[in-house]
Amino acid sequence: MSTQSIRRRGPLVRCALVGAVLASGVVVGAGPASAAPVQVSDASFAWGLSGEQGGGAFFGGCNFLSAGKAGDTGSSRLWTQSDGFYATHDGDVSVEKPDSAGAWSEPTWATKCQDPNGKAVSAGSTTSLTQNRVVFHNGTGTVDRSAGTATIHWEGSFTSVFYGGLTYWSATDPTLTVKADGTATLTATATGYGADMNDPGKWVPLPASTVTLANLSHVELGASGFTVTPDYLGVPVSVPSGTTAQPAKSASNEAYWGSFPQSFVDFQQLTGQSSYWFTSGGARDAAKPATPLSVSYTAAGGTDDPTPSDPATTSPTPSTTASPTHQPTGSPSATATGRGTCELTDGVKGGSLTWGFKKSFRSYVGGPAGNSITAADGLKILSEDLAVTGKDSTGTYRWPFESSSAYTSSDDFTVQYGGKVTYSYPAHYFKIVIADPRLTVHGKSGKLYADVSLTVSAPGSTPTTDAREDVALASVDLTGTVPRTSASGITRTMHTAILDTKAFTFQGSSFYQKGQQLDDATVLLSGCTGSGAAPGGGSDGGTTGGAGAGDSGGSGGDSALVPDLKYRPGDTLASTGTGTPVLGTSAAAAACVAAGLALVVVVRRRRQPAGAHR
């Protein structure tokens, strides 16, 4: 079933035929209706399923389509070229993707994970997509335009591959049924292998079952076909208790909130892919809506010579990222004054840093069962800015003050913080530790450093740990913000963006791009030592730590050294395109496939060097 070993069956002509409909974006050939059912024997359809079906994967490079029914890998593992499973042509089924000029052609093993411009797709962007699609040819059936009905059947199979092969399934012999009311269904026989993100060793052949690949509405049978986007937006879905669920529709996710058909999602519960076919609150939600499906045939008054389609018509609507706005109030004076206050007359003696790294990542790790986010060494997980409702362990972090090596003003300082947060995602084979951040500010900019350790234990390989110290994890931007003076000291809110992309790249796939927004950070610079309350001061808004945080007690006597909620990052954080105000948040997909591997790491300097080995 290799790409070159199977005889091609006139793909250029057929691709042009199907492409015509995609280019139109509306009903093709709206000529006079036929007076009676017409037999068709040359029907074609083209469909990419979803943007996510051609998106970057956190592990394995990308998700992709393959022609034919793939064989058994024997376990949840990455496909290799030598397996011979990947094919772009098999009988009447082909796989193709566009180039930068919009011309469709069959990809190769080497190019299957590239976008139209030849750049590798990235899991860090929901608009970085291959736009690959499957095309079925030589369908047979009947079309009755006067009645508005049709039944067309195709023979052949395609395979949907996620995470480079860690999970895949096949659809065979699809049938399209169009009813007089303009609704339609596309059904097929689904087969594949059962996997479980919480049990990487699971690999079970699944019995064949009939599923609805797509429900269609407002279908109008043109003389030569039609194009319609399958129902997804606004479609609710039910999932078994204890599995990743569909969050409530909200203003932040309504642009892409929905689901593939219920029977389809039910089947994907067995493959381990379920949450990739509906809105799950994850970072990739904006890429999940169904893409346009195009059907072409020759009927009375029709034409079989349409023009190729514009690949842009198959792209899902991109998510929008709202720019954060911050308007702190209060005096911009650099020194707190007044008797019994924590004025900075002798430099920074205490305080804290409130920073949750990236909300979507907290959601991605904190959502699925079996994962954990834990705090140690003085770090507290706050019950504020939760990434997953009801899970305190997904709140933002308060890093404790350790020392200050420089302080000239609230625009010029260097502060060392302690604490450690550990993200563990066994089903995706990684554990990440971020520790001991160090903040440097000079004028309106600065950098945030940290120690970081990434342990990867992918299937079939020996676990490796990559530990680095004092890495510049993020840039700091204080533009548009002013200091706030209180009895506790000086509070600054700052915008952060990722600098170190090497730490988030695994097997050639980058989870984050340089300059991508992280959560905002709030720093409290205090002239008071230790963690005691400011003399004569009350609470500045301390909270309790999140459940399972490892060091989660109430803020107690150090509450005065915690920034007021008003000055902590909140709903103005960058949106991640997931359904909640999340990490520039991709609110990260609490929904990952049986095995995907997310590479995320962050950085800085420890007092004791961490041994690095690979």
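FYI, side chains are in, hydrogens and waters are out, and symmetry mates aren't considered; it's all heavy atoms of this structure. Here the structure is a predicted model, which is why all the values come from computation and not from measurement.
Side-chain contact between Leu65 and Trp47 is absent, with no heavy-atom pair separated by less than 4.5 Å. A 4.5 Å side-chain heavy-atom check between Asn215 and Pro230 finds every atom pair outside the cut-off. Val388 places none of its side-chain heavy atoms less than 4.5 Å from the side chain of Tyr364. Proximity of Arg77 to Asp83: side-chain heavy atoms (C-beta onward) are separated by under 4.5 Å at one or more points. Within the 4.5 Å cutoff, no side-chain heavy atoms of Asp99 are placed close to those of Pro116. When side chains are defined from C-beta on, Val143 counts as touching Ile152, because their heavy atoms get closer than 4.5 Å. Looking at heavy atoms from C-beta onward, Glu106 lies out of side-chain contact with Lys97 at the 4.5 angstrom threshold. The closest side-chain heavy-atom distance from Leu186 to Phe45 is below 4.5 Å.
Checking Ser125 against Thr127 by side-chain atom types alone, a donor-acceptor pair falls below 3.5 Å. Using modelled atom types, one finds a donor on one side chain and an acceptor on the other under 3.5 Å when comparing Ser157 with Thr172. In this model, no donor atom of one side chain and acceptor atom of the other lie less than 3.5 Å apart for Asp173 and Thr189. Gln53 and Ser160 are linked by a side-chain donor-acceptor pair at a separation below 3.5 angstrom, with hydrogens and angles left out of the test. Side-chain N/O atoms of Asp72 and Trp203 include a donor and acceptor closer than 3.5 Å. Using a 3.5 Å distance cut-off with no hydrogens or angles, the side chains of Thr298 and Asp42 do pair a donor with an acceptor. In this model, no donor atom of one side chain and acceptor atom of the other lie less than 3.5 Å apart for Asp266 and Ser263. A side-chain N or O of Lys288 and one of Ser280 form a donor-acceptor pair less than 3.5 Å apart. With no hydrogens or angles considered, no side-chain donor-acceptor pair links Thr111 and Gln114 at under 3.5 Å.
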> Does the side-chain contact (heavy atoms from CB on, under 4.5 Å) test come out yes or no for Asp144 and Val38, once each step is laid out?
Replying inline: CA-CA 6 Å; Asp144 187 339; Val38 175; over 6 Å; no

>> For a side-chain contact (heavy atoms from CB on, under 4.5 Å) check, start with the C-alpha distance between Ser105 and Glu96, then their side-chain angles and the critical distance, and finish with the verdict.
In response: CA-CA 5 Å; Ser105 62; Glu96 58 190 22; 6.0 Å; no

>> Between Thr177 and Thr185, is the side-chain contact (heavy atoms from CB on, under 4.5 Å) condition met? List the steps.
In response: CA-CA 5 Å; Thr177 304; Thr185 58; 4.0 Å; yes

>> Pair Thr159, Trp169 - check side-chain contact (heavy atoms from CB on, under 4.5 Å), show working.
In response: CA-CA 6 Å; Thr159 298; Trp169 58 277; over 6 Å; no

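Between Ala245 and Val239 the shortest heavy-atom distance is CA-CG2, 3.8 Å. Residues Trp257 and Pro236 share a closest heavy-atom pair of CH2-CA, 3.9 Å. Among all heavy-atom pairs drawn from Ala387 and Lys359, the shortest one is CB-O, 3.5 Å. When all heavy atoms are compared, the tightest approach of Gly234 to Lys249 is CA-NZ, 4.1 Å. The shortest non-hydrogen separation linking Asn63 to Ala57 is OD1-CB, 3.8 Å. Residue Leu221 comes nearest to Thr149 through the heavy atom pair CD1-O, 3.3 Å, listed as atom of the first residue, atom of the second, then distance.
If you take OG1 on Thr191 and CG on Leu206, they are separated by 8.0 Å, rounding to the nearest 0.5 Å. One distance of note links OH of Tyr297 with OG of Ser44; it measures 12.5 Å at 0.5 Å rounding. Atom CD in Gln517 sits 12.0 Å away from atom CD1 in Ile498 (nearest 0.5 Å). Between Leu49 atom CG and Leu213 atom CG the span is 7.0 Å, to the nearest 0.5 Å. The NE2 atom of His218 sits 11.0 Å away from the OG1 atom of Thr229 when rounded to the nearest 0.5 Å. Rounding to the nearest 0.5 angstrom, the gap separating the OG1 atom in Thr175 from the CD atom in Glu155 is 9.5 Å.
Checked against a 6.0 Å centroid threshold, the rings of Trp277 and Tyr232 do not count as neighbours. Checked against a 6.0 Å centroid threshold, the rings of Trp79 and Tyr86 do not count as neighbours. Remark: aromatic rings of Phe59 and Phe430 are distant, center separation not under 6.0 Å.
Side chain of Asn253 to main chain of Ala248: a donor-acceptor pair is present (N/O by atom type, distance under 3.5 Å, no hydrogens or angles). Looking only at distances, no side-chain donor or acceptor of Asn117 sits under 3.5 Å from a matching main-chain atom of Lys119. With hydrogens and angles ignored, the 3.5 Å screen pairs a side-chain donor or acceptor of Gln246 with a backbone N or O of Val235. Between the side chain of Thr130 and the backbone N or O of Asn132 there is at least one donor-acceptor pair closer than 3.5 Å. Judged purely by atom type and a 3.5 angstrom limit, Thr279 uses its side chain to pair as donor or acceptor with the backbone of Tyr256. In this structure, Ser76 contributes its side chain and Leu166 its backbone to a donor-acceptor pair below 3.5 Å. Side-chain atoms of Arg362 come within 3.5 Å of backbone N or O of Thr394 as a donor-acceptor pair. Of the possible polar contacts, none joining the Gln39 side chain to the Thr142 backbone as a donor-acceptor pair under 3.5 Å is found. Checking side-chain atoms of Lys391 against main-chain N and O of Gly366 turns up a donor-acceptor pair under 3.5 Å.
Residue Tyr168 forms a ring pair (Phe, Tyr, Trp, His ring centres under 6.0 Å) with just one option from Phe158, Tyr193, Phe64, and that option is Tyr193.
Between Tyr276 and Tyr163, the angle of the ring planes goes over 60°, which puts this pair in the perpendicular group of the 30/60° scheme.
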